[in-house]
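See below for the structure under consideration.
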Amino acid sequence: MGLYKRACDGGDATACNNLGGMYDRGLGVANGEARAAAFYQKACDLGEATACSNVGEMYDKGRGVAKDEARAVELYREACDRGSAVGCYNLGVIYGNGRGVAKDDARAAALFQRSCDGGDAEACGKLKKVAK
């Protein structure tokens, strides 16, 4: 953890995201969702797409931060725009359910397609359901 912390402090986005994951899952450190969210946010701010999706999920579920669906949508969109298949998937789920945004099956399908194209098998399955 010490090396990740030094690398994160030095501006390494991947190290910040990894630290977030360690705190999120309690791997080698006490589980600390608030600390996880802070590290994920720092990694997102440094350009790490996966971290944007990770912190978006925390806002989506209210883990370590106050639940904020609008903020989750922003973060998922940022993740998706940066190439995160998971970010596109999560955003697709939100549009498919109409949770915090207007329900939009066409937009959900387009997001699932992006995610599927990015290698997310679950998105490929969702895409088949939306296309019916």
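Quantities reported herein were computed from a predicted structural model and do not represent experimental measurements.
For the salt bridge (charged side-chain N to carboxylate O under 4.0 Å, His left out) test, residues two or more places apart in sequence or in another chain that qualify with Asp105 are Lys103.
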Apply side-chain contact (heavy atoms from CB on, under 4.5 Å) to residues Arg114 and Asp120 and explain how you reach the verdict. CA-CA 9 Å; Arg114 276 180 78 180; Asp120 188 312; over 6 Å; no

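The distance from the CG atom of Asp12 to the CG atom of Leu19 is 9.5 Å, given to the nearest 0.5 Å. Atom SG of Cys116 and atom CG of Leu111 lie 12.5 Å apart (nearest 0.5 Å). Taking CD of Glu48 as the start and SG of Cys16 as the end, the distance is 9.5 Å to the nearest 0.5 Å. Between the CE atom of Met58 and the CD atom of Glu33 there is a distance of 5.0 Å, given to the nearest 0.5 Å. With rounding to the nearest 0.5 angstrom, the CG atom of Leu46 is 10.0 Å from the CD atom of Gln41. How far CG of Asn17 is from OH of Tyr4: 10.0 Å, rounded to the nearest 0.5 Å.
Environment of CZ in Arg6: sparse, with no more than 12 heavy atoms of neighbouring residues, nucleotides or ligands closer than 6.0 Å.
Salt bridge status for Glu74 with Arg77: absent, with no side-chain N to carboxylate O gap under 4.0 Å. Residues Lys5 and Asp9 are paired through a salt bridge, judged by an N-O separation under 4.0 Å between the basic side chain and the carboxylate. Comment: Lys126 does not engage Glu122 in a salt bridge, judged by the lack of any side-chain N to carboxylate O separation of less than 4.0 angstrom.
Annotation: side chain of Thr50 is not in contact with side chain of Val86 (no heavy-atom distance under 4.5 Å). Within the 4.5 Å cutoff, the side chain of Ile94 has no heavy atoms near those of the Arg107 side chain.
For the pair Ala79 and Ala49, the tightest heavy-atom approach, listed with the atom from each and the gap, is CB-O, 3.3 Å. In plain terms, the two heavy atoms of Tyr59 and Val65 that are nearest each other are CD2-CG2, 3.6 Å. Here the closest heavy-atom approach between residue Gly92 and residue Ala108 is recorded as O-CB, 3.4 Å. Ala15 and Cys8 get closest at one heavy-atom pair: CB-N, 3.8 Å.
In terms of modelled atom types and a separation under 3.5 Å, the side chain of Lys67 and the main chain of Asp60 share a donor-acceptor contact. Listed for the Arg82 side chain is a donor-acceptor partner under 3.5 Å among the backbone atoms of Cys44.
Under the side-chain hydrogen bond (donor to acceptor under 3.5 Å, both in side chains) rule, Asn90 has a single partner from Ser115, Ser53, Ser84, which is Ser53.
Criterion: ILVMFWY side-chain heavy atoms under 4.5 Å apart, direct or through other members. Under it, Tyr89 and Leu127 are part of a common hydrophobic cluster.
Evaluation of the ring pair (Phe, Tyr, Trp, His ring centres under 6.0 Å) test over residues 9-46, restricted to residues two or more places apart or in two chains, returns Tyr23-Phe39. Within the structure, salt bridge (Lys or Arg N to Asp or Glu O under 4.0 Å) contacts touching residues 14-28 (residues at least two apart or in different chains) are Asp24-Arg63.
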